[in-house]
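For reference, positions follow the sequence shown, starting with 1.
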Amino acid sequence: MSAQFPKFAPQSARNMRELFVRKDKARSILRKHPWVFSGAIMTDTESFTDGELVSLAATNGDFLAIGHFQHGTIAVRVLTNEKKTINKEFYFQKLENALHLREQLGLFTENNSICRLIHGE
């Protein structure tokens, strides 16, 4: 039996719902911190769904990042700080980059064939 993956609809920042970040909290996103805490969000998130892709914006509307939303202390886990289409190729590229980095670091040797390829972010 082969694995069945759910259908994945590519999304760009233009067709994602937008979350506005408090002015004093945007700096950490600009420094590429991977988490946005719930207290940093100005937008009412009641209608948002856990796992939903969202576009993050500064109070002036400037784009900051794209990430997955979740109701909780960590409200958004940032995927990218660039305006990119999030599709299968995006995730495959992330996985490929992680694999190549671990190869460059020498984590795969004759005596070691395992390592963590990805974590939550």
Side-chain angles (χ1 to χ4, degrees):
M1 179 166 133
S2 65
Q4 296 294 316
F5 295 100
K7 298 238 187 266
F8 184 81
Q11 286 190 291
S12 69
R14 286 187 306 247
N15 62 9
M16 291 175 202
R17 291 205 288 170
E18 199 167 46
L19 289 178
F20 287 91
V21 177
R22 296 183 192 288
K23 185 176 184 176
D24 59 330
K25 302 297 181 180
R27 280 180 285 160
S28 67
I29 300 167
L30 294 171
R31 287 192 312 264
K32 301 193 188 240
H33 192 282
W35 297 345
V36 180
F37 294 97
S38 58
I41 304 292
M42 292 176 26
T43 308
D44 178 8
T45 60
E46 191 174 314
S47 68
F48 284 73
T49 306
D50 287 348
E52 179 177 350
L53 283 170
V54 295
S55 177
L56 296 167
T59 54
N60 65 0
D62 285 350
F63 172 84
L64 295 171
I66 294 173
H68 285 285
F69 173 80
Q70 181 175 346
H71 291 280
T73 303
I74 302 172
V76 179
R77 294 175 191 270
V78 174
L79 293 170
T80 181
N81 294 85
E82 300 173 31
K83 283 187 179 181
K84 288 188 171 189
T85 298
I86 307 301
N87 54 21
K88 288 179 186 178
E89 289 76 25
F90 173 85
Y91 289 108
F92 285 135
Q93 187 64 56
K94 288 278 193 186
L95 289 169
E96 191 172 275
N97 291 347
L99 178 62
H100 289 305
L101 174 62
R102 282 143 187 83
E103 288 172 339
Q104 289 173 349
L105 293 172
L107 297 179
F108 301 119
T109 65
E110 194 173 301
N111 297 327
N112 180 40
S113 62
I114 63 170
C115 69
R116 181 178 289 189
L117 184 59
I118 58 170
H119 191 60
E121 287 70 39

Can you tell me how far apart [atom1] ([X]) and [atom2] ([Y]) are? Round to the nearest 0.5 Å.
X	Y	atom1	atom2	answer
Phe90	Thr80	CZ	OG1	5.0 Å
Ile29	Asn81	CD1	CG	8.0 Å
Lys88	Tyr91	NZ	OH	12.5 Å

**Asked** Where do Ile66 and Glu82 come nearest, in terms of heavy atoms and distance?
**Response**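 Scanning both residues completely, I find the closest heavy atoms to be CD1-O, 3.9 Å.
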
**Prompt:** Which heavy-atom pair separates Leu64 from Ala57 by the least distance, and what is that distance?
**Reply:**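 Looking at all heavy atoms of both residues, the shortest contact is CD1-C, 3.6 Å.
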
**Request:** Output yes when a side-chain donor or acceptor of Ser38 lies under 3.5 Å from a complementary backbone atom of Ala75, and no otherwise.
**Result:**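 Side chain of Ser38 to backbone of Ala75, a donor-acceptor pair under 3.5 Å: no, none is there.
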
**Prompt:** Does the side chain of Thr59 come within less than 4.5 Å of Met42's, by heavy atoms?
**Reply:**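 Yes, at least one pair of side-chain atoms sits under 4.5 Å.
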
**Message:** Strictly by salt bridge (charged side-chain N to carboxylate O under 4.0 Å, His left out), give each pair with a member in residues 43-68 just once, sequence neighbours left out.
**Reply:**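 Every salt bridge (charged side-chain N to carboxylate O under 4.0 Å, His left out) pair that includes a residue of residues 43-68, provided the two are not neighbours, is Arg17-Glu52.
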
**Prompt:** Which pairs count as salt bridge (charged side-chain N to carboxylate O under 4.0 Å, His left out) when at least one residue sits in residues 20-29, sequence neighbours excluded?
**Reply:**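 Listed once each, the pairs would be none.
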
Single-linkage hydrophobic cluster, 4.5 Å side-chain cutoff, [X] and [Y] together:
X	Y	result
Leu79	Met16	yes
Leu30	Leu19	yes
Leu95	Leu101	no

**Prompt:** Do any pairs count as a ring pair (Phe, Tyr, Trp, His ring centres under 6.0 Å) and have a residue in residues 65-86, sequence neighbours left out, and if so which ones?
**Reply:**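 Sorted pair list: Phe48-Phe69, Phe69-His71.
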
**Asked** Would you call the rings of Phe37 and Trp35 parallel, tilted or perpendicular if under 30° counts as parallel and over 60° as perpendicular?
**Response**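 Perpendicular: the ring planes of Phe37 and Trp35 meet at over 60°.
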
**Prompt:** side-chain hydrogen bond (donor to acceptor under 3.5 Å, both in side chains): which pairs involve residues 93-108, sequence neighbours left out?
**Reply:**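 Every side-chain hydrogen bond (donor to acceptor under 3.5 Å, both in side chains) pair that includes a residue of residues 93-108, provided the two are not neighbours, is Gln93-Asn97, His100-Glu103.
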
**Request:** Tell me, please, which residues at least two apart from Arg31 pass side chain to side chain donor-acceptor pair (under 3.5 Å).
**Result:**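 Arg31: no side chain to side chain donor-acceptor pair (under 3.5 Å) contacts found.
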
